[in-house]
Amino acid sequence: ACRFQDLDARYPGSKFILTVREEETWLDSCARWYGHLDAQRILDFDGMASAWRIYGRESFDRDLWRSGRAAHERAVRAYFAERPGELLMLDICGGEGWEKLVPFLAPAFPRENVFPAIDNP
């Protein structure tokens, strides 16, 4: 998440998806996820680098994560402000999904109401 500018420079013309959700339920989820990680697992978890860059620390702090999330979303919106066709904000927990994702990624792709599934033998 925190490397979107680097990825954009490396892969010009790419499209980006910023997943969003209601703030309080997101914070509750973060508290559960990061609250159960012990010190060694925190150090081993690759996502900690992103947490550090966005929130300023690897351990959960509700107020810091709330402000870090807001700053990150502002930065993403500002970065793509002049390129609206390259950023999709998607609230999956709020019910958004296929109907919003498909036109963004592949406008000519068949529009069904479910994500495609791969049959595994």
Side-chain angles (χ1 to χ4, degrees):
C2 61
R3 297 181 11 210
F4 68 93
Q5 293 170 325
D6 297 334
L7 291 169
D8 187 37
R10 182 174 278 188
Y11 303 102
S14 294
K15 293 187 174 197
F16 291 80
I17 300 168
L18 176 63
T19 55
V20 297
R21 66 187 281 195
E22 193 277 323
E23 186 175 84
E24 290 304 316
T25 58
W26 174 77
L27 286 166
D28 292 344
S29 178
C30 291
R32 283 189 304 275
W33 173 251
Y34 290 96
H36 85 279
L37 296 176
D38 62 34
Q40 185 57 47
R41 288 181 64 201
I42 286 173
L43 293 174
D44 293 342
F45 181 49
D46 289 337
M48 285 298 110
S50 291
W52 185 262
R53 286 184 65 183
I54 294 172
Y55 311 113
R57 65 187 296 169
E58 68 279 352
S59 59
F60 180 74
D61 177 283
R62 197 171 195 90
D63 292 332
L64 286 176
W65 284 47
R66 181 189 318 273
S67 63
R69 171 192 162 150
H72 175 70
E73 286 186 12
R74 278 192 309 273
V76 171
R77 289 175 197 226
Y79 184 83
F80 288 102
E82 302 299 320
R83 300 160 43 200
E86 295 178 19
L87 175 66
L88 173 67
M89 295 184 65
L90 188 64
D91 184 355
I92 295 170
C93 293
E96 295 178 338
W98 192 246
E99 75 289 341
K100 193 171 179 181
L101 181 63
V102 170
F104 175 72
L105 291 178
F109 196 76
R111 295 181 184 167
E112 299 173 11
N113 290 331
V114 295
F115 283 99
I118 298 172
D119 292 330
N120 291 323

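Side chains are part of it too, since the values below use all heavy atoms of this structure and drop only hydrogens, waters and symmetry mates.
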Find the distance between CZ (Arg77) and NE2 (His72) and round it off to the nearest 0.5 Å.
10.5 Å
Determine, using the 4.5 Å side-chain heavy-atom cutoff (strictly less than), whether Ile92 and Leu105 are members of one ILVMFWY cluster.
yes
Which atom names give the shortest non-hydrogen contact between Glu86 and Asp8, and what distance separates them?
OE1-OD1, 4.5 Å
Distance col, row Arg10:CZ vs Arg3:CZ, nearest 0.5 angstrom, shows 7.5 Å
Answer with yes or no whether the hydrophobic clustering places Leu88 together with Val76; edges join I, L, V, M, F, W, Y residues whose side-chain heavy atoms lie under 4.5 Å apart.
no
Side-chain heavy atoms nearer than 4.5 Å, only ILVMFWY residues, links allowed to pass through others: does that put Val20 and Tyr79 together?
yes
Might you point out which heavy atoms bring Pro103 and Trp98 nearest each other, and give the distance in Å?
CD-O, 4.0 Å
Between Phe104 and Phe80, is there shared hydrophobic-cluster membership here, with clusters defined by ILVMFWY side-chain heavy atoms closer than 4.5 Å?
no
Side chains of Arg69 and Cys30: closer than 4.5 Å at any heavy-atom pair?
no
Supply the atom-to-atom distance Trp26 CH2 to Trp33 CH2, rounded to the nearest 0.5 angstrom.
14.5 Å
Can you get from Leu7 to Leu18 by hopping between Ile, Leu, Val, Met, Phe, Trp and Tyr side chains that sit under 4.5 Å apart?
yes
Sorted by chain and residue number, the side-chain contact (heavy atoms from CB on, under 4.5 Å) partners of Arg66 (sequence neighbours excluded) come out as Glu23, Glu24, Leu27, Arg62, Asp63
Approximate separation, where rounding is to 0.5 Å, of Met89 CE and Glu73 CD
5.0 Å
Over all heavy atoms of both residues, which pair between Lys15 and Gly85 is shortest? Give the atoms and the distance, please.
CE-O, 3.9 Å
